[in-house]
Structures are given as C-alpha cells and as structure tokens.
Amino acid sequence: MVKNVRDLKLKGKKVLIRVDFNVPVKDGKITNDNRIVAAIPTIKHVSEEGGKVVLFSHLGRIKTEEDKLTKTLKPVGERLSQLLDREVKFVAATRGETLENAIEELKEGEVLLFENTRFEKGETKNDPELGKYWSSLGDIYINDAFGTAHRAHASNVGIAQNLESASGFLLEKEIKFIGGAVSNPESPLVAILGGAKVSDKIGVIENLIEKADKILIGGGMMFTFLKALGKNIGKSLVEEDKVELAKSLLEKAGDKLILPVDTVAAKEFKNDTDFKVVPVDKIGDDEMGLDIGLDSIKLFTKELEGANTVIWNGPMGVFEMENFAKGTIGVCEAIAKLKGATTIIGGGDSAAAAIQLGYADKFTHISTGGGASLEYLEGKVLPGIACLDR
Ligand code: ADP
Ligand code: MG
C-alpha cells in the first residue's frame, strides 16, 4: 500500500505538494479550472493540519523562451486563491533565494505556489541535482499529480528519492480504482474499448485480454478487427498494418471478444450529412462507419449485465458530432444501470465524452490522466507512484 497524506504528521512541516495544475489558459485566462478544483482536498487537508503548503506543477510544454510568457502559473495562483478563499503566495521562480526565503517565512497553514516546473530544463530529464534541490526546500513530499505519473521527472521521482513521501487524495483514488481494477478486479470484469486507433491501444487490449471476462470493441478501431474477419469496411478508419495483429488477438480472445453487429454509416466525415444504420457486413464502398448501431448497443448492454467491474477506454463513435454520439451515450446508459458494480473510465476523450454527455456522476471513477491512465491500464508500473513510500 502506498502511504497517503492522511497517514503523516504534518504540523509545522514544510510540505511539498506536486499538483496537476496543467489547465488550459487563453489570453492569460483559465478556461477550465477542473484540475485546480480537484487538487483542493489535499491542499486543504495539509493546511488544516498545520502544514506549510508548497505547491508546484507543470503547465504546458516549454520549447522556447517566449513560451515562458504564456505558460506562467501566476493566473493559476490567483484562481486557487479565490477557490480557497485565502492568500496564495506566488513566487515567480523555480529556484533561488527569493523562493527559499518565501518558504522559510511560511507560517503553519499558509499556501505558496512556485513557478512552472518545466521552466527548468532538468525537470523532464529527472536531473538528479534538480530533484535534490527541490527536495531540500521541504520536509515531506506529496504527489497528487496523476497526469504525469507515467513519467519519471524531477518533480515526482527526483524529489521522492530524497524525502518521506506519500500520495495525495487524488492520486490515491487513481491507485485504488484504476490500479485495483487492473491488478485485482472483482469478476466478472468487462472491458469496453474504443477510440480512434488500434495502435494506441495494443498494450491495453493485450493486458485486458488476459484479465477480462469480456472485451467489447467499438469506435474507429472496430474496423481493423472487422477487416481481419474479411469484411468490407468501405472508407471506415482502418490500420492496414494492424490487421494481422487484430487477427491474432481475435484468435487469442476467442468468444471473449465481442464486436459490433451494426454501424452508423455516412459518406462524409461531418455531422451534417446523411447517415444510416447498416449491418457490419453491408457497409458500402463509399461509406464509413462513424458509430456503433442500435443492435450493437443492445448487444453491449446485454454483455454488461452482471458485471462487477467495468473498465472503459475509448468512445464508441465520433461522439463530438451529435449524430454519431448515440453509441457512446448508449454505453453510458448501460453502465449507469449496473447495480453495485465498480465502473471506471480511463482515457482523455472517453472521460471528456462521459462528462460532456452528462454521465459524470454515474461512474465510480473517471480518471484524470490521459496517457497515465492508458499506461496504467496496460499494466505498467508508473514511476510517479512507484517512487512513493509504502
Ligand atoms: P481516449 O482518449 O479515451 O483514449 P482515443 O483518443 O483513442 O480515446 O479516441 C477518441 C477519438 O476516437 C474521438 O475523437 C472519436 O471521434 C474517435 N472515433 C471514435 N469512433 C470513431 C470512428 N468510427 N471513426 C473515426 N473516429 C472515431
Ligand atoms: Mg485521446
């Protein structure tokens, strides 16, 4: 078991908290503050327990010096201050005397945020000197940034090597639900996989084929499987170089693997076009499948009945277009109806789909990490978790 922030004595300690404040910013304004809101329970806990809170995060990618002008965490500090209804001291530096003094002057419960960790070149290289330096600024390290847990950076792995360390509440939840579903699921486990490409999901499919009782495949990737079965898929999304792999996965999975029986076919990739539901072996040469059809929704709903654990990664269709969102909505509905099951979404677009379509509160857990949740679902050890004390 990874240690958690609630297990530690925090009073009077300088607590370094790696949060995920990688929020979208446009013209200096934060356009979505979900990630800041999500970090608050851990911050509040440390503050209320009398810890001195030192926050840091990356924001975007830094390639040039100009990037630093738009990728500052300053507006994040302002928003956080509003949300916490207390002062957040922002230090526009990632090292040096100003930062060190500001941390030394913190009183119990006070909150400080320092500048974007990626302003330091050594951050993404996990430069040992940088990790050591940052760790020298505090007494305890808390990681609450799941989104970067699949990377070994100075601000997670580097610091944790030198300090007593634990997870925050957000990271703990990811470990409990995604980690739990992959390593020790309550059966029957049903995995639903979709999204754009087979190639992005090979590791996930291979890992879950071993563990799941059923694998339901939808989304763009279904057509590579249908092609492997010798079907005509028209102009649908396909990865020719993955057809052989799909064949061997179909063989390996046997009747565990369930493919859609119909698809919503259109001649053009846009919402405003004619579309019709056709069986998967009746796709015209000039058509492409952009969603799963009603019979497939019924089939998937039936296969989900009785599941105790559901892992979902990848939308069933082009949910961004209203006319091709019904498959994804149908699967949301089917999952919402399950009683007592642990239901989990991993994957950036799948999470966005469930939230956008209004099903956010119907799932046990919606992961906050895109790449990190994919790697977790692949069964990989995530360095940002492995580095924490047990
Ligand atoms: P996640 O981020 O949840 O892992 P992906 O990034 O793999 O999911 O896939 C999401 C994308 O897949 C969406 O943008 C969606 O429009 C696209 N998609 C789903 N079904 C199809 C399809 N039949 N044809 C083309 N694109 C599709
Ligand atoms: Mg995606």
Side-chain angles (χ1 to χ4, degrees), residues 22 24 146-147 150 174 178 182 191-205 207-208 215-227 231-240 242 246 259-271 273 275-278 280 283-284 286-294 296-297 300 310-332 335 343-357 359-360 363 365-378 380:
N22 185 28
F146 179 67
H150 58 316
E174 301 280 1
I178 304 230
V182 172
I192 310 165
L193 301 175
K197 296 196 283 183
V198 183
S199 52
D200 293 340
K201 306 291 170 74
I202 295 169
V204 178
I205 302 173
N207 187 35
L208 293 179
I215 297 196
L216 318 180
I217 300 226
M221 69 158 79
M222 69 192 245
F223 301 102
T224 301
F225 284 91
L226 291 171
K227 177 137 195 184
K231 296 199 195 299
N232 180 20
I233 52 160
K235 293 193 297 176
S236 305
L237 200 64
V238 67
E239 287 169 281
E240 297 290 350
K242 294 290 175 288
L259 286 168
V261 290
D262 56 358
T263 183
V264 183
K267 290 192 172 130
E268 287 175 281
F269 189 83
K270 59 180 192 189
N271 190 55
T273 186
F275 58 88
K276 59 177 197 263
V277 180
V278 297
V280 287
I283 304 172
D286 56 349
E287 291 173 337
M288 61 188 109
L290 296 178
D291 196 7
I292 60 172
L294 193 59
S296 306
I297 297 173
F300 285 10
V310 178
I311 299 177
W312 182 12
N313 169 260
M316 295 293 98
V318 185
F319 73 96
E320 299 93 335
M321 301 180 196
E322 203 190 337
N323 288 331
F324 310 108
K326 293 186 195 85
T328 304
I329 294 174
V331 165
C332 283
I335 294 175
T343 58
I344 292 154
I345 301 186
D349 290 293
S350 336
I355 295 166
Q356 183 193 313
L357 298 169
Y359 290 87
F363 290 83
H365 179 65
I366 299 183
S367 178
T368 52
S373 51
L374 274 190
E375 290 200 18
Y376 218 6
L377 292 176
E378 288 171 6
K380 287 190 185 152

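As a basis for the values below, the full set of heavy atoms in this structure was taken, side chains included, without hydrogen atoms, waters or symmetry mates. Order of appearance sets the numbers: ligands from 1, and atoms from 1 within every ligand. We number each residue from 1, following the sequence as shown.
- Close approach to L290 involves these atoms of ligand 1, each under 4.0 Å from a residue heavy atom: 23 (N).
- The nearest protein atom to atom 23 (N) of ligand 1, hydrogens excluded, is given as G289 O, 3.0 Å; this is a heavy-atom distance.
- Close contacts between ligand 1 and L237 involve ligand atoms 25 (C) [criterion: under 4.0 Å to a heavy atom].
- Here the protein heavy atom with the shortest distance to atom 14 (O) of ligand 1 is E320 OE2, 2.5 Å.
- Considering only non-hydrogen protein atoms, atom 6 (O) of ligand 1 sits nearest to D349 OD2, 2.9 Å.
- No other N/O/S atom of D349 lies as close to the Mg ion (ligand 2) as OD2 does.
- Of the possible polar contacts, one joining the K235 side chain to the K267 backbone as a donor-acceptor pair under 3.5 Å is found.
- Counting heavy atoms from C-beta outward, I192 and V331 have side chains that approach closer than 4.5 Å.
- Between L208 and I215, some side-chain heavy-atom pair lies under the 4.5 Å cut-off.
- Nearest to atom 27 (C) of ligand 1 among the protein's heavy atoms is V318 CG2, 3.6 Å.
- Between V182 and Y376, the closest side-chain pair of non-hydrogen atoms is not below 4.5 Å.
- What sits closest to atom 18 (N) of ligand 1 on the protein, heavy atoms only, is G317 O, 3.9 Å.
- Counting the atoms of ligand 1 from 1 in the order shown, those under 4.0 Å from a heavy atom of G314 are 3 (O), 8 (O).
- Taking 4.5 Å as the limit, some side-chain heavy atom of L290 sits within range of a side-chain heavy atom of F269.
- In terms of modelled atom types and a separation under 3.5 Å, the side chain of S350 and the main chain of I345 share no donor-acceptor contact.
- Considering both main-chain and side-chain atoms, D200 never comes within under 3.5 Å of ligand 1 through any nitrogen or oxygen pair.
- For ligand 1 and N313, the ligand atoms under 4.0 Å from any heavy atom of the residue are 4 (O).
- Using modelled atom types, no side-chain atom of T263 and backbone atom of G293 make a donor-acceptor pair closer than 3.5 Å.
- In terms of protein heavy-atom proximity, atom 3 (O) of ligand 1 is closest to S350 OG, 2.3 Å.
- In this structure, the side chain of T224 engages the main chain of E239 through a donor-acceptor pair within 3.5 Å.
- In terms of protein heavy atoms, atom 12 (O) of ligand 1 is closest to A196 N, 3.1 Å.
- In this structure, the side chain of N313 does not engage the main chain of L193 through any donor-acceptor pair within 3.5 Å.
- The protein heavy atom nearest to atom 21 (C) of ligand 1 is G220 N, 3.3 Å.
- Residue-level proximity to ligand 1 for K201 is carried by the side chain, the only part with a heavy atom below 4.0 angstrom.
- For F223, every heavy-atom contact with ligand 1 shorter than 4.0 Å involves the side chain, none the backbone.
- Ring planes of F324 and F275: perpendicular class, angle over 60° (limits at 30 and 60°).
- Remark: of the listed residues K380, K201, H150, K201 is the sole one forming a side-chain contact (heavy atoms from CB on, under 4.5 Å) with L374.
- The option with the heavy atom closest to atom 8 (O) of ligand 1, from among G347, P315, S236, is P315.
- For a threshold of 3.5 Å applied to N or O pairs, the pair formed by G194 and ligand 1 contains no separation below that value.
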